[in-house]
Amino acid sequence: MALQFHNTLTRRVEPFAPLDPDGRIVKIYTCGPTVYNHAHIGNFRAYVFEDLLQRHLEYRGFTVERVMNLTDVDDKTIRGAREKGVPLADFTAPFKEAFFQDLETLRIKPARAFPCATDAEHVARMIAMIEKLVAGNHAYQAEDKSVYFRIASFSDYGRLAHLNLEELRPSGRIHSDEYEKESVGDFALWKAHDEADGDVKWESPWGPGRPGWHIECSAMATALLGNRLDIHCGGVDNIFPHHEAEIAQTECCTGEKFVNFWMHCAHLMVDGRKMAKSFGNFYTLRDLIDKGWRGREVRYVLLSAHYRLPLNFTFDGLAGARSALQRLDEWRRRLAELASAPGTGEPFPAGDEDKFGAALDDDLNVSAALGSLFDLVRETNRAMDGGELSPARVRGLLDYWERINSILRLEEESSEIPAEIAALLEERNAARAAKDWARSDVLRDELLARGWVAKDTKEGTKLTRSIT
RNA sequence: GGCGGGGUAGCCAAGUGGUAAGGCCGGGCUCUGCAAAAGCCCUAUGCGUCGGUUCGAUUCCGACCCUCGCCUCCA
């Protein structure tokens with residue numbers, strides 16, 4: 001099956017082909033976090049989905065150029081800095097650093113660039129774009145000195161979200177100052193400085209102020225990737241208004257179609273309901289790590305359901321992920337032992353029977369892909385039990401695992417056995433050889449206390465790290 | 001009110017106009033000094049409800065119920 005993805009613009013699954021005339025480079029822009037706190041696992045669902053997308057494209061031979069922005073100026077960051085009494089940059093810096101650590105914990109491949117909204121060159125570009133929009137009659141300065149995009153000037157506005165602008169119902173999120181706009185749907189490109197912003201301001205042709213949220217993505221995406229993108233990702237809640245606004249601004253500036261494929265992932269829920277601090281079901285990645293869960297376990301949970309379906313996150317699910325991963329670990333370890341003798345691998349899968357890759361080609365059907373992997377695990381375990389797997393075949397299977405793991409990145413943490421642990425193991429082996437079971441059991445407990453599980457198998461005792 | 005996701009075993013979750021992948025849990029077996037671990041095997045006459053089309057519907061059509069979300073700075 002040819003590679004195909006769901007496109008929010010058309011609400012259809014469409015064959016994917018990059019803009020690159022050589023068909024090699026894929027340009028992706030992904031909306032990143034607002035750094036006013038630690039990102040929560042719902043945020044990371046989107047980033048893990050984007051990671052899966054990138055890695056699968058790479059599996060298929062594309063070179064992915066991906067950019068992810070960091071929003072480091074907005075109402076929330078300004079408020080946070082004020083409450084703490086520190087400059088904005090000092091307030092956001094630790095959250096930026098934490099975010100990068102979290103990406104690493106979840107084994108998310110870093111983007112090629114992580115531009116920040118406050119980067120001088122990007123602020124300059126935002127201002128330049130706004131000037132162009134004003135000159136082109138797509139934007140205007142209102143009485144409150146802010147500059148707004150005139151949605152009436154862009155006939156496609158509402159196309160991505162499939163919203164009929166006449167039927168929009170006012171919500172509580174509209175601020176009182178917005179009646180200064182020509183239309184209630186007009187959104188801010190440049191926000192005039194006010195008291196609450198403190199010293200957070202940039203000079204502009206419209207007076208001091210700061211960029212609106214939407215324009216930052218348009219400026220940074222076009223600056224780093226060009227006027228046209230292959231794919232733009234985000235959570236479904238970004239469809240409207242954020243991505244709608246991005247299309248309007250960017251296309252009015254460039255006169256070109258901004259994005260070919262819009263891909264949005266559904267929300268994460270926790271225990272069957274929206275994650276919210278008031279429900280007591282709000283978790284950052286750090287909360288889970290502190291509870292003893294591993295990054296790859298969280299990654300597995302976030303990865304294992306299709307990205308366009310709501311994902312219900314539970315601790316039962318996390319425990320299930322742990323068990324499933326151990327099954328994969330054990331399988332890989334068995335293969336590795338059987339493959340230890342040198343030799344040539346027998347290519348696997350034979351021909352084009354790559355069910356795993358084929359499933360992902362179909363709009364990242366990761367559930368089907370994992371299903372095929374576990375089928376393979378069971379079949380080959382059975383063959384290994386019966387001693388029917390040749391070393392060459394085993395090496396081929398290991399090679400296949402390496403390839404699909406370049407997408408999944410679910411391998412176990414490498415665990416070198418420390419000398420003292422090895423010494424305890426030696427001692428226990430001696431006790432067992434002497435059939436001194438009491439001593440053997442004491443040493444097993446000792447190993448366990450130090451975080452290692454001893455398993456006596458017919459090939460001898462094996463050590464693995466205990467969980468938590 | 002408008003727009004859009006979902007409802008498949010105890011839990012999570014693929015999928016198809018022809019009789020339900022996979023994972024977790026549970027049960028059985030094997031291995032084993034014991035234990036643990038691991039491996040194998042088993043586990044939905046059923047796919048929200050009610051109608052319709054069809055030789056045949058979980059799949060297509062219609063109505064309805066439930067649930068989650070978006071509707072102007074939430075991934």
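Within every chain, numbering begins at 1; the chains are lettered A, B, ... in the order of the sequence lines, protein sequences first and strands thereafter.
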A.B. asks: Please give the nucleotide sitting opposite C74(B) as a Watson-Crick or G-U wobble pair, both distances under 3.5 Å, or none.
C.D. replies: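 For C74(B), the partner nucleotide comes out as none, under the 3.5 Å rule.
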A.B. asks: List, with names and distances, any nitrogen or oxygen atoms from the protein found under 3.5 Å away from nitrogen or oxygen atoms belonging to nucleotides 4-10 of chain B.
C.D. replies:
{"unit_1": "G5(B)", "atom_1": "O2'", "unit_2": "R308(A)", "atom_2": "O", "d": "3.4"}

A.B. asks: Taking any strand in view, what nucleotide pairs with C24(B) in a Watson-Crick or G-U wobble way, both distances under 3.5 Å?
C.D. replies: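 Pairing partner, where one exists within any strand: G10(B).
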A.B. asks: Any base atoms under 4.0 Å from H242(A), or only sugar-phosphate, or nothing? Heavy atoms, all strands.
C.D. replies: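 No contact.
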A.B. asks: Using a cut-off of 4.0 Å on non-hydrogen atoms, how would the nucleic acid contact of K76(A) be classed: base, sugar-phosphate, or nothing?
C.D. replies: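 If one applies the 4.0 Å heavy-atom cut-off, K76(A) turns out to touch the sugar-phosphate alone, with no base involved.
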A.B. asks: My understanding is that a pair needs two contacts under 3.5 Å, Watson-Crick or G-U wobble. By that rule, which nucleotide pairs with G39(B)?
C.D. replies: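 When the pairing criteria are applied, C29(B) turns out to be the nucleotide that pairs with G39(B).
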A.B. asks: OP1 or OP2 of A14(B) versus the side-chain N and O atoms of N365(A): is any pair under 4.0 Å?
C.D. replies: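 Answer no for this pair, as no side-chain N or O of N365(A) is under 4.0 Å from OP1 or OP2.
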A.B. asks: Under a 3.5 Å cut-off for both contacts, is G4(B) paired Watson-Crick or G-U wobble with anything, and if yes, with which nucleotide?
C.D. replies: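 The base-pairing partner of G4(B), which may sit in any strand shown, is C68(B).
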A.B. asks: If the plane angle is over 60° it's perpendicular, under 30° parallel, otherwise tilted; pick one for Y400(A) and F348(A).
C.D. replies: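 Rings of Y400(A) and F348(A): perpendicular, as their planes differ by over 60°.
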A.B. asks: Whole angstrom is fine here: how far is it from CZ in R333(A) over to P in G39(B)?
C.D. replies: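 One finds 10 Å between P of G39(B) and CZ of R333(A), rounded.
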A.B. asks: Please work out whether the ring planes of Y140(A) and Y148(A) are parallel, tilted or perpendicular, with thresholds of 30° and 60°.
C.D. replies: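 Judged by the thresholds at 30° and 60°, the geometry between Y140(A) and Y148(A) is tilted.
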A.B. asks: Counting any heavy atom closer than 4.0 Å, what does L268(A) reach on the DNA or RNA strands: base, sugar-phosphate only, or nothing?
C.D. replies: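 Base, at least one base atom sits under 4.0 Å.
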A.B. asks: Below 30° counts as parallel, above 60° as perpendicular, anything between as tilted: where do the rings of H214(A) and H242(A) land?
C.D. replies: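 H214(A) vs H242(A) ring planes: tilted.
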A.B. asks: For U59(B), which nucleotide is its Watson-Crick or G-U wobble mate, given both distances must be under 3.5 Å?
C.D. replies: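 By the stated definition (distances under 3.5 Å), nothing pairs with U59(B).
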A.B. asks: Is there a ring pair (Phe, Tyr, Trp, His ring centres under 6.0 Å) between F100(A) and F114(A)? Walk through the geometry before answering.
C.D. replies: CA-CA 10 Å; F100(A) 293 124; F114(A) 288 100; 4.9 Å; yes
A.B. asks: Quote, to the nearest angstrom, the P distance that separates C41(B) from G5(B).
C.D. replies: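 Their P atoms lie roughly 39 Å apart.
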A.B. asks: May I ask which nucleotide in the shown strands pairs with C47(B), Watson-Crick or G-U wobble, both distances under 3.5 Å?
C.D. replies: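 Partner of C47(B): none.
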A.B. asks: So if I define the base as every atom that isn't primed, P, OP1 or OP2, how would nucleotides 23-36 of chain B read as a B/S/- string at a heavy-atom cutoff under 4.0 Å?
C.D. replies: SSS-------BBBB
A.B. asks: Would you mind reading off the distance between L189(A) atom CG and U72(B) atom P, rounded to a whole angstrom?
C.D. replies: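 Value for this atom pair: 18 Å.
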A.B. asks: Report the residue from R409(A), R299(A), R107(A) that forms a salt bridge (Lys or Arg N to Asp or Glu O under 4.0 Å) with D51(A).
C.D. replies: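 Going through the options one by one, the only one that passes is R299(A).
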A.B. asks: Sequence neighbours left out, what pairs pass salt bridge (charged side-chain N to carboxylate O under 4.0 Å, His left out) with at least one residue falling in residues 108-117 of chain A?
C.D. replies: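 For residues 108-117 of chain A: E58(A)-K109(A), E65(A)-R112(A).
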A.B. asks: Nearest to the side chain of F187(A), heavy atoms from C-beta on, is which of A14(B), U72(B), C12(B)?
C.D. replies: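 Ranking A14(B), U72(B), C12(B) by closest atom to the F187(A) side chain puts U72(B) first.
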A.B. asks: Select base, sugar-phosphate, or nothing to describe what G42(A) touches, counting heavy atoms under 4.0 Å on all strands.
C.D. replies: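 Base, at least one base atom sits under 4.0 Å.
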A.B. asks: When the C1' atoms of U59(B) and G15(B) are considered, how many whole Å apart are they?
C.D. replies: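 9 Å, rounded to whole Å.
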A.B. asks: Using a 4.0 Å heavy-atom cut-off across all strands, classify H40(A) as base, sugar-phosphate, or nothing.
C.D. replies: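 Base: the residue H40(A), judged by heavy atoms under 4.0 Å, touches a nucleobase.
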A.B. asks: Using atom types as modelled and distance alone, determine if a side-chain donor or acceptor of Q4(A) lies under 3.5 Å from a backbone N or O of V13(A).
C.D. replies: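 Here the side-chain-to-backbone pair does not exist.
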A.B. asks: What integer distance in Å separates L360(A):CG from A14(B):P?
C.D. replies: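 Rounded to the whole Å, the gap is 13 Å.
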